[in-house]
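From a predicted model like this one, the values you see are computed outputs, not experimental measurements.
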Amino acid sequence: MKRAYVRRKMKNRDIYEDKNMVFSTELGNHVHPRNLLRSFYRLVERAGVPKIRFHDLRHTHIVFLLEMRENNKRIAERLVWSRVKMLDRYTHITAHMQQETADAFGDKFYSAPNGTKNALNN
């Protein structure tokens with residue numbers, strides 16, 4: 001993606017306006033939201049994946065980062081949020097994450113000192 005951006009920028013270097021945007025036209029201008037959505041839905045259809053809203057990519061990205069155990073502060077900074085608290089609004093805990101938490105708790109509980117594991121098994 002970065003290579004395509006640089007190629008497009010160089011192709012139009014005399015008139016390209018770099019506005020530091022994630023999505024831009026060939027000349028660096030804003031992409032009309034309808035055009036962006038049209039392209040996005042065409043890619044989704046071509047990929048054969050379930051149709052989702054464009055904004056759902058943001059939620060998916062956050063959940064992936066959380067599953068990777070990425071630092072909450074880094075996630076907030078990546079999404080240009082002023083507060084980590086925003087994660088409460090945008091994240092969804094997956095079944096996989098719940099299972100990991102249950103397994104970790106079980107491991108900690110059963111490895112507790114003073115024979116907790118032995119006491120529970122008797």
Considering non-hydrogen atoms only, spot the tightest contact between [X] and [Y] and give its length.
X	Y	result
Tyr16	Gly28	CE1-N, 3.3 Å
Asn29	Glu17	OD1-OE2, 4.2 Å
Val84	Lys73	CG2-CA, 3.9 Å

If you measure from [atom1] on [X] to [atom2] on [Y], what distance do you get to the nearest 0.5 Å?
X	Y	atom1	atom2	value
Arg58	Ile62	CZ	CD1	6.0 Å
Lys19	Thr25	NZ	OG1	7.5 Å
His55	Thr60	NE2	OG1	10.0 Å
Leu66	Leu87	CG	CG	6.0 Å

Task: Residue pair Arg78 / Glu70, side-chain heavy-atom distance below 4.5 Å - done: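 No; the side chains remain at least 4.5 Å from each other.
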TODO: Flag the pair Arg7 / Arg3 as yes when at least one side-chain heavy-atom distance between them is below 4.5 Å, and no otherwise.
DONE: yes
Task: Pairing residues for Glu67 by the side-chain contact (heavy atoms from CB on, under 4.5 Å) criterion, not counting sequence neighbours - done: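 With sequence neighbours excluded, Glu67 shows a side-chain contact (heavy atoms from CB on, under 4.5 Å) to Val63, Phe64, Thr94, His96, Met97, given in chain and number order.
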Task: Hydrophobic cluster of Ile15, others only, ordered by chain and residue number, side-chain cut-off 4.5 Å - done: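 ILVMFWY cluster around Ile15 also holds Leu27.
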Open item on the list: Please tell me whether Val49 and Leu57 are part of a single hydrophobic cluster in this structure, the criterion being side-chain heavy atoms less than 4.5 Å apart.
Closed with: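 As far as the 4.5 Å side-chain criterion goes, Leu57 and Val49 are connected within one cluster.
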Task: Whether Phe105 and Phe109 hold their rings parallel, tilted or perpendicular, with breakpoints at 30° and 60° - done: parallel
TODO: Look at atom NZ of Lys85 and say whether more than 12 heavy atoms of other residues, nucleotides or ligands are closer to it than 6.0 Å.
DONE: no
Open item on the list: Show every ring pair (Phe, Tyr, Trp, His ring centres under 6.0 Å) that has at least one partner inside residues 24-46, sequence neighbours left out.
Closed with: Phe40-Phe54
